[in-house]
Number of protein chains: 2
Amino acid sequence: MSDVARLAGVSKMTVSRVLAGHSVSEKTQERVRQAIDKLGYVADAAAGALSSGRSEFVAVLVPSLSSSNFSDTVRGLMSTLEPHGLQLLLGDTDYELEREERLVRSMLRYQPRCIALTGAQHTDATRKLLERSAIPVVEMWDLPSKPIDTAVGFSNVRAARAMVRHLAERGYQRIGFLGGASALDSRGLDRLKGYRAEIKALNMGEPRVIRLGESPITMSHGAPAMAAMLEKYPDTDAVMCVSDMSAFGAIMECHRRGLSVPDDMAVAGFGNFEVAECCHPSITTVSVDPFGIGLRTGEALLAALEARDTGAEIASQSIPIEYTIIARGSA
Amino acid sequence: MSDVARLAGVSKMTVSRVLAGHSVSEKTQERVRQAIDKLGYVADAAAGALSSGRSEFVAVLVPSLSSSNFSDTVRGLMSTLEPHGLQLLLGDTDYELEREERLVRSMLRYQPRCIALTGAQHTDATRKLLERSAIPVVEMWDLPSKPIDTAVGFSNVRAARAMVRHLAERGYQRIGFLGGASALDSRGLDRLKGYRAEIKALNMGEPRVIRLGESPITMSHGAPAMAAMLEKYPDTDAVMCVSDMSAFGAIMECHRRGLSVPDDMAVAGFGNFEVAECCHPSITTVSVDPFGIGLRTGEALLAALEARDTGAEIASQSIPIEYTIIARGSA
DNA sequence: TTGAAAGCGTTACCAA
DNA sequence: TTGGTAACGCTTTCAA
């Protein structure tokens with residue numbers, strides 16, 4: 001910056017002002033810009049952050065980058081935050097709370113302006129770290145009963161209950177659930193909880209649950225899970241899956257066995273992934289809006305930062321994201 | 001840090017040394033750690049970077065976060081770089097060279113230690129920026145004829161040619177190509193180029209090309225593209241698709257029309273996405289290794305940094321990633 | 001509209 | 001093994 005200042009014949013401060021868009025006469029601005037171009041000068045953001053006491057980082061933690069659910073949420077966040085010059089610090093927790101804690105600790109070292117996490121479950125140490133950092137926090141994809149600060153999401157329990165009701169209304173009597181075995185995917189566990197609750201509420205007998213494989217649930221989870229279901233509860237007439245991914249795999253397994261979907265076996269998914277619309281039969285599912293969760297989270301974060309700047313006290317809130325049952329060919 | 005030092009009864013420098021793992025007596029270390037815990041002190045990475053003149057950032061640019069291809073590459077990068085305490089700065093160029101340039105410019109402000117880009121195409125300004133920054137650069141997913149520095153990828157042209165040969169060897173005579181319309185997806189364009197070249201080399205007549213929709217190519221691109229192909233070249237007996245995603249959509253469209261795959265119409269994909277293995281019929285495809293590209297890129301980056309530290313001059317190289325044709329049911 | 005000086009929180013360097 | 005001092009490159013603040 002000194003070099004630029006010297007070449008333009010001004011002080012460092014003037015260069016700084018030009019870069020920040022503060023009031024500088026046209027002529028001076030022009031000269032400074034030319035000097036910048038000539039030297040290929042790029043301002044050091046770390047120094048700026050240190051000096052001004054405010055970074056332009058937003059920390060974001062998702063359980064898995066390879067699930068389109070979460071990568072879409074990240075895209076939503078990016079599209080909201082980038083225009084404000086904010087830079088995402090992205091971390092993949094791999095569904096592990098300890099990894100989340102490690103990542104939070106490591107990211108906090110960059111003094112992010114705010115942070116978005118996935119889910120309601122965090123280690124005590126994570127909570128303490130966040131509290132101490134005193135920055136705005138948003139929990140995504142869930143509506144925790146005791147949110148740390150703000151939350152943007154929906155109740156996976158209720159969404160799963162709605163799907164069971166949907167299947168029951170369509171006349172299916174012996175409804176099973178295909179989920180993951182991981183004790184760490186709390187969205188998945190909530191869906192299972194919802195399934196159990198509604199089966200009980202509707203007096204539909206013993207729950208029929210198959211749990212197979214680690215999160216993130218992929219297509220290849222579906223086939224063996226469906227096979228296990230048919231083995232254990234041969235008279236099942238419908239299954240709801242924790243994800244469209246496994247629903248797709250389950251349908252393929254039915255095809256392979258010569259079972260017609262939905263006549264011999266109805267299948268429902270969760271998430272409204274692209275495959276649910278494109279495959280045959282298309283998959284009845286719960287449509288959620290991952291990109292929208294990212295957008296709304298971004299907006300909530302911006303609002304919190306704005307409030308902080310103006311000194312306004314902002315009430316932390318839980319922002320519900322709509323979901324809908326989409327009835328298609330598979331159920 | 002001063003607070004910690006005071007509480008532990010040492011100087012700031014000693015605290016800094018404890019954090020950096022430099023030689024400090026056991027006893028002192030213990031006291032310092034206790035003080036850190038008690039105060040919940042978190043070192044400021046920006047200040048450290050400023051002082052030491054080296055950040056812990058690695059800039060990474062991909063065309064699209066929603067393609068599992070690239071999110072897997074990002075995961076590969078993360079898994080290699082995180083153990084070394086490096087933090088990814090991730091950017092999504094949305095297949096736009098100008099956006100890439102903007103992102104590079106913005107990321108360079110954080111003084112990343114090195115940078116990974118996707119593809120061989122960049123604006124002149126981007127190239128100049130990278131040159132000026134004088135940090136190690138890796139281009140991924142391609143083997144440019146004039147790499148900026150290091151490259152990790154494979155020839156999409158050759159891979160596509162290999163697929164055409166595979167189909168020809170299987171006896172298909174009238175082979176078409178289903179690709180995207182985007183002029184910016186150079187991996188896609190290279191595959192088209194390879195298709196044309198091999199069709200010509202094998203004397204298979206006029207190329208039959210349908211180009212529809214923007215990148216990233218998704219499942220929903222496939223059905224209309226297949227429809228257009230049947231409209232324009234009704235006697236086509238095989239199509240190769242720029243991606244497994246559109247191949248899946250194309251197969252669904254065949255099912256809808258009562259065409260048997262592969263008897264009435266063979267379909268091949270590209271990428272060996274999960275759906276290619278799980279759907280029915282399973283899809284013949286080119287298996288590439290997106291996670292491996294990320295891994296190797298991370299290793300190349302680490303090697304370059306290492307070399308820089310030891311003062312060794314490292315020759316920039318092009319690292320080829322293997323791909324293979326996987327023959328399955330669809331072709 | 002512009003400039004000078006102080007200071008942000010850390011690490012490099014040299015001295016003890 | 002430890003401590004003091006001077007930077008790192010910027011922005012804030014105050015003065016002109």
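Below, read A as the first sequence line, B as the second, and so on, with proteins coming before strands; counting in each chain starts at 1.
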Minimum-distance nucleotide to A:Thr14 side chain [options: C:dC8, D:dT2, C:dT2]: C:dT2
A:Lys12 NZ - D:dT12 C1' separation (whole Å): 12 Å
Electrostatic pair B:Arg102:A:Glu82 at N-O distance under 4.0 angstrom: no
5' precedence on DNA chain D between B:Ser51 and B:Met13 (nearest-nucleotide basis): B:Met13
Whole-Å gap separating C1' (C:dT1) and NZ (A:Lys27): 13 Å
Sugar-phosphate only, base, or nothing, as touched by A:Ala43 at under 4.0 Å among non-hydrogen atoms: sugar-phosphate
Any donor-acceptor N/O pair under 3.5 Å between C:dG9 base and B:Ser2 side chain: no
Touch class at under 4.0 angstrom, heavy-atom based, for A:Gly53 against every strand present: nothing
Spacing of B:Arg6 atom CZ relative to C:dG9 atom P, expressed in whole Å: 13 Å
Rounded distance (Å) that lies between atom P of D:dC10 and atom CE of A:Met1: 5 Å
Side chain to side chain, B:Arg17 and B:Thr28, heavy atoms closer than 4.5 Å: no
Nucleotide D:dG9, atom P - distance to CZ of B:Arg109 in whole Å: 16 Å
Between OG1 on residue A:Thr80 and CG on residue A:Leu301, distance to nearest 0.5 Å: 9.5 Å
B:Glu56 CD - C:dT11 P separation (whole Å): 10 Å
5' priority, DNA chain D, between A:Ser52 and B:Ser23 [closest heavy atom]: B:Ser23
Nearest-Å distance for atom pair NE2/C1', residues A:His22 and C:dT1: 14 Å
5'-most by nearest nucleotide on DNA chain C - B:Tyr41 or B:Arg17: B:Tyr41
Side-chain heavy-atom pair A:Arg132, A:Leu108 within 4.5 angstrom cut-off: no
Whole-Å gap separating C1' (D:dA7) and CG (B:Leu50): 9 Å
Any B:Ser11 side-chain N or O less than 4.0 Å from OP1/OP2 of D:dG3: yes
A:Ser16 side-chain N/O to D:dT11 phosphate OP1/OP2 under 4.0 Å: yes
SB check A:Asp190 A:Arg187 (cutoff 4.0 Å): no
